[in-house]
Amino acid sequence: MDGSRIRTLGRRPAIDVLSREDLERVHSATLDVLETTGLEVGSARVLGLLAEAGAKIDPAARRVRFPGHMVEAAVEAAPRDFLLAARDPAADVIVDGSRGYLSLDGCAAEVVDLDTGARRPPTRDDLRKATILADATPEVAYLWPCVAVTDVPPEAQASYQTLIQLVHSSKHVSAMATYSERDARIAVEMATVVAGSAEALRARPIVSTFQCSLSPLMYDEGPIEAALAFAEAGLPCGFVAMAIGTAGAPTTLAGHLVSLNAELLGGITILETLVPGAPTYYGPYEAFMDLMSGGIGLAWGPEDVLFKLAAAQLARRYDLPMNIIAFGTGAKTQDWQAGAQHALSLMGVLASGDVDLVSATGTIYGSRVFAFENVLLDAELWDIAARILEGFPVSEDLLAVDVIEAVGPAGHFLDQDHTLAHMRERWRARFFGSESWEAWEAAGRPEPKDRARDRAREIVATHEPLPLPEDVERELHAIAARTTGG
Amino acid sequence: MEELLATLRDSLIGSRRDAALAVTARLLEEGAPPETILQEGLAAAMIELGARWTRGEVYLPEVVAAATLFERCNDLLEPALLSSGVERTGGRVVLATVKGDLHDLGKNMVGAMLKTVGFEVHDIGKNAPVDTIVAAVGEVRPEILGLSALLTTTVPEQRRVIEALAEAGLRDSVKVMVGGAPVTETWAAEIGADGFAPDAPRAVQVALAITGR
């Protein structure tokens, strides 16, 4: 911990799980799908614009089919580097392949109450607390609205979430739960108020979004029109596909990859064709149906890591910024299962090369339930990962030959100046337990999650995010209030 | 005939499409009563498959594939069932994905599986406005209304439908079941739904239970 606002992952090695030939087969199969099957797009306006741009449109079926050259040109048009600016420039997310940034998770349908531990529908106050926690946690670089707030009408959900994110943190805000053009325009309006002007916002986009396909192979009207509204305002808009293997995508990894790749390239093609050069990213979020229950995102296994690494290979092939997913678990609490699955998926991220954005921390139970303590437990894993990537230095002093000579055989190093000078460079756990069995018993057998929950409560009670000017905050409230009541 | 019924059950359980359809046709040709083919062949196979699923021996896609095949075999029986004048024993169900939501995979799975236990399923599709759903309930007079929603922004529509049913004086005539990823037992209770299930096979169990079967 060096006092930085955000803690990032440095350069990561890339492990290829697909041979060069197989990678090309996945790519050309994807182009086949986009040209033969195409995508269903729910917006007549977008279909009309795509027809003018040379895509093949079947208006009755709302289907668009893309010739391969159109997809290749769109991928080419997407910039490799861009900025996800933060209100506090020290928390800027610089997307250029050199660093990996972690986000808070998004729009969980339930929350584990920070005080009572009960699972219940989330409120604005939960989002406020979680945003404060993320603002204070360096490992969380930028914010999603981590719970779907249920104490405002559904049509005001997106605007209140963006409001809370902007007010209670100075980190970059992803308005990822913005599902319509109207909500996108409201998010842009709020961001403009905070930035000061449309030009200032364009130069430093403090808000971005991503939009999701509906698997298999669909973009609904609201999300695709929202994507264009963000892009036209100069705000980055990623594409994310959460195709669920066996349900919304083929059950085989190769087929799952093709179907999900087609959705992402299709979305990026729509965006780059209509708003050339718009900052975007490639977000393959693998999910798998539980074969017994049909549950979504609850089954986690080696396929998760294999899929990640293969998808990262595709992103590298396209030279697109990539948003990878980690920290998925079917666990219902912060137990061995959650810890193992989170750690192993993070190891997958560590082997995935120049991945820019890593999603997402804070949820359990297939991303459906947000739990505050999870953010801090994941942060500890992230800190370990970042530390591993930093490696360790070697120098005359650090090799410590003189000290080894001074201590000699059968001595000890505890009281050496060298030890006192360097021991604080050693990593120290915040939540993992390393006490004796007796001390553990005496303390009432605490688990890492208990320490993390205590710390989360403390942070939420004491951390003060960089405030917005009062008039700006008032204006944001006025904009949000406008969205209630239909 | 016993042997052919056994083959039909095996074909359905194994999702062997051609064999199941051929055996159904053959049973009809040989004069087997259509309700026997339905009960001792198709329905019995689905009960067996459900039991195997409960024991963890088969995967959900095998159950869904068999349910789809059940429907195709049942289509072959339909004319004979109608002319034999046998009364349907299952109740009627109306299914919908609520307004604003295009996710209908879960609803479709539930629909396919409800048919296999004898329910007559009226699926009014996805993105269904409250009025359309209430009108369908008024028209079809189902025992069960199933409402699906996958988005946190569309889940509140389930409450609106229940309120609209009450205003239309239809609430007491129908049991309402809700489902979808953000839907929980607590939510179901809060909006006054009669049933909730986290997955399709359990939805069938709940449907049977709340209609007293």
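Per chain, numbering begins at 1; letters A, B, ... match sequence-line order. Bear in mind that the values here come from a model prediction, so they are computed numbers and not experimental data.
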I'd like to check the side-chain hydrogen bond (donor to acceptor under 3.5 Å, both in side chains) partners of [X]; sequence neighbours left out, ordered by chain and number.
{"X": "Arg9(B)", "result": "none"}
{"X": "Arg26(B)", "result": "Glu30(B)"}
{"X": "Thr211(B)", "result": "Arg213(B)"}

No hydrogens needed, just list the donor-acceptor pairs between chain B and chain A under 3.5 Å.
| unit_1 | atom_1 | unit_2 | atom_2 | d |
| --- | --- | --- | --- | --- |
| Trp53(B) | NE1 | Met292(A) | O | 2.5 |
| Leu60(B) | N | Leu291(A) | O | 2.6 |
| Thr152(B) | OG1 | Gln157(A) | OE1 | 3.4 |

Pairs of heavy atoms under 4.5 Å with chain A: top-ranked of Pro201(B), Gly100(B), Ala181(B), Ala200(B):
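Greatest number of close heavy-atom pairs with chain A: Ala181(B).
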
Residue selection (most heavy-atom pairs with chain A, distance under 4.5 Å) from Leu102(B), Leu151(B), Leu105(B), Val155(B):
Leu102(B)

What part of Val58(B) is in contact with chain A, defined as an atom under 4.5 angstrom from a non-hydrogen atom: side chain, backbone, both or neither?
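Backbone only.
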
Mind ranking Leu291(A), Val369(A), Ile296(A) by heavy-atom pairs under 4.5 Å with chain B and telling me who comes out on top?
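Going by pairs under 4.5 Å, I would pick Leu291(A).
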
Quick check on Lys115(B): does its NZ atom have over 12 non-hydrogen neighbours (other residues, nucleotides or ligands) under 6.0 Å away?
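Buried by this count: over 12 neighbours within 6.0 Å.
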
Separation of Leu150(B) CG from Leu214(A) CG (nearest 0.5 Å):
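Nearest 0.5 Å value for the CG-CG distance: 8.5 Å.
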
